[in-house]
2 protein chains.
Amino acid sequence: MNIRDIAAKAGYGVGTVSRVINDQPNVSEQARARILTVMEECGYEPNSNARYLKMQSQTPVAAFVMGVGNRLFGDILGPLQTTLAEANEDLVVTYLDDDADEVRAAIAYQNARHPKGMLFLGGEPRYFAEAFHEIEVPSVLVTGSAADLGFERLSSVTIDNEAAARCLCEHLLEHGHRRIGIIGGSKTGNQTSTLRLAGAVAAIRARGISFDIARDYEPCDFHEAGGYEAAQRLLDRNGDLTAIFALGDVIAFGALRAIVDRGLRVPRDISLAGFDDTSFSQYAVPRITTIRQNAEQLGRAAARILLANMHDGAPAAHEVGPFELIERESVRAL
Amino acid sequence: MNIRDIAAKAGYGVGTVSRVINDQPNVSEQARARILTVMEECGYEPNSNARYLKMQSQTPVAAFVMGVGNRLFGDILGPLQTTLAEANEDLVVTYLDDDADEVRAAIAYQNARHPKGMLFLGGEPRYFAEAFHEIEVPSVLVTGSAADLGFERLSSVTIDNEAAARCLCEHLLEHGHRRIGIIGGSKTGNQTSTLRLAGAVAAIRARGISFDIARDYEPCDFHEAGGYEAAQRLLDRNGDLTAIFALGDVIAFGALRAIVDRGLRVPRDISLAGFDDTSFSQYAVPRITTIRQNAEQLGRAAARILLANMHDGAPAAHEVGPFELIERESVRAL
DNA sequence: CCACTATTTGGAAACGATTCCAAAATTGTC
DNA sequence: GACAATTTTGGAATCGTTTCCAAATAGTGG
């Protein structure tokens, strides 16, 4: 069942049918109606391979999501996909571990199919920096800043992680905390976490309080186990901490468990804060103070920027969305 | 840069180049080496649209994941993708809400691209039952049973949810619980949850204990908020429950919060059990007793079955994997 | 060295769409 | 009613592969 069959059945030429399929002008109402009817009757779907072949290869927009565990990405993807769909653009999502080799392979694979655009959610920009050189289509880094990466076709959508972390730390400081520990951000370094750490440290030092990275900070991977172990190590080193700031809710969740396992209570013995406002922080016992990113806004902004890049040839843009401090029960005033 | 350019540059015909690309026999070592060199030099990648068009359209295997929040699926997808990759099959994943319309649209979209095979993770089989009629490629339902659905090309990989729920309930009963409440399974019914519910109820009634669905069971959506509300309603109705069995860890997590909000403690005042052994249950305070599915085994089995269906034309298979009761702190003996 | 088979090669046809240009039909004007 | 301008239509050429068949080449045994 191809376009020629439809044309024959409808009593028109393939050109006319093609024009109907693509909503192009110069087709009589009569022809359009008749052809649509026949297409409907036959359950005809244009062959996308033939189509993309002729149209100089245009597979849909490809999205890469690094870190399946992070629920924030699910919340971003929904509105993103919706916005894209409104512009009739399809989205193919690939979920990956944030591992250099895996990321490279996945990008190479999708790149070979010449998508119209690409989206990167999470993940360490360094891992795919070299892959970017091979990408010739507009791309958006979501949840990471690309402004200083210097790739011409790479836009970005993110919040000001540094400011958000500063804001959260100031909240801790205002509640009287002076000995604050920080956990999160992989040992190999990670852009987002690095920014959050910088913001937090800046806020603390701005009050004239000393913060010794080697002593008061503990890196860890982005999952519960990482947070658990990091909190253990940090508390082993520092018996006098009154608050721990985890650079992600998932990490905070692991840390919470570690704190409890030491026989301490949150927030009575120690205060705890996270980042991202996932369901973890909302439902944990106690509920965890955190920073909320507007996932819907981020998702829509990413789609909007990508569409502008793709259709109108707009230059790369770098959008910085708002954040919000969510005060819950896990932080107490001293 | 197309196959003809390569052929010309290498001094061979397009047929020979095509044979090299597809690792086919009847090519001299000399020709193969020369052509590979030229391809390498030019950074040539065969156009996949042209390729799939000619090969009667064969896009990669398509996977649909219903329920982004469920971390179990992430754990299944990893080994699944690995096994597929070993057979040189690529995987395109689509994440969806478990909503009838959305699921239908996504399946239709992927189906039009004629994938080699399809995978369904989670989701309510009823939602895509009608879509199945249009699917002409082998498919595997992961985490759901298709044995009784009667689709010829639909295999399935799952655990015996009924037996697992029975096992967990027996565990509760052995610990002296007699008034057990159950939450989970959407109001509109859901295959997996229905089986779990059936197993649980059977175990309870087998002991001669009455279980009144209308009183002792409360349906809810598969997320924390659902578990929270369901637990509230259930406890409002039944002040005498000594244990709650949530048909999913996520639900258990919400329920835990609800219990605490009523001023009760787990497991002192009430015991709690979940299902799936996600990180929630592992790190929650208290740690939650649950059923573990072997995600790696399920993922690999799904890939193996699909590959057999695709390559060897094997008939649909229905594999039932093992489960394991994980005893933690949330259940106490009365 | 020939006849015959097996291997290697070249290239036309096909896959199913889009795109263009020319032809046909319609509309408008005087 | 004739002619120009415009809209609508048909269909060949094209995109970059694979697949087939025929042709060329290499290999073998007598």
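No experiment lies behind these values; they were computed from the predicted model shown. Numbers restart at 1 for each chain; the letters A, B, ... are given by sequence-line order, proteins then strands.
We find that CD of A:Glu29 is positioned 17 Å from C1' of C:dA25, with the value rounded to whole Å. To the nearest angstrom, P of C:dC21 lies 13 Å from CZ of A:Arg19. Residue B:Arg34 contributes atom CZ, which lies 19 Å from atom P of C:dT8 at whole-angstrom precision. The CE-P distance, from B:Met55 to D:dC20, rounds to 12 Å in whole Å. A straight line from OH of A:Tyr12 to C1' of C:dA24 spans 13 Å, rounded to a whole angstrom. C:dT8 atom P lies 9 Å from atom CZ of B:Arg32, rounded to whole Å. Between A:Asp5 atom CG and C:dC15 atom P there is a gap of 11 Å when expressed in whole angstrom units. The nearest whole Å value for the distance from the CD1 atom in B:Ile6 to the P atom in D:dT18 is 12 Å.
Side-chain N/O atoms of B:Gln24 include none lying less than 4.0 angstrom from OP1 or OP2 on D:dT18. The shortest distance between the side-chain N/O atoms of B:Asn22 and the OP1/OP2 oxygens of D:dT18 is below 4.0 Å. At the phosphate of C:dT7, neither OP1 nor OP2 sits under 4.0 Å from any side-chain N or O atom of B:Asn26. Phosphate proximity of C:dT18 to A:Ser18: present, with a side-chain N or O under 4.0 Å from OP1 or OP2. Residue A:Ser28 has no polar side-chain atom (N or O) positioned under 4.0 Å from OP1 or OP2 of D:dT7. In this model, the phosphate group of C:dT8 is not approached by any side-chain N or O of B:Thr16 to a distance below 4.0 Å at OP1 or OP2.
In this structure, A:Gln191 and A:Thr158 have side chains that are not in contact, with every pair of non-hydrogen atoms separated by 4.5 Å or more. Looking only at side-chain heavy atoms (C-beta outward), B:Leu53 and A:Tyr52 stay at 4.5 Å or farther from each other.
Looking at every heavy atom in both residues, B:Leu298 comes nearest to B:Gln293 through CD1-OE1, 3.4 Å. In terms of heavy-atom proximity, B:Met66 sits nearest to B:Gly122 at CE-O, 3.5 Å.
The existence of a salt bridge linking B:Glu41 and B:Lys9 is excluded, since no basic side-chain nitrogen approaches an acidic carboxylate oxygen closer than 4.0 Å.
In the set C:dT9, D:dT9, D:dT18, the nucleotide with an atom closest to the side chain of A:Val27 is D:dT9.
With 3.5 Å as the limit, one finds a donor-acceptor pair spanning the side chains of B:Arg51 and B:Asn22.
Between the side chain of B:Asp221 and the main chain of B:His223, no donor-acceptor pair closer than 3.5 Å is present.
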Review item, nucleotides 13-16 of chain D N/O atoms under 3.5 Å of protein N/O:
{"from": "D:dT14", "atom 1": "O2", "to": "A:Lys54", "atom 2": "NZ", "distance (Å)": "2.7"}

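Residue A:Ala7 is out of contact with every strand shown, counting any heavy-atom pair closer than 4.0 Å.
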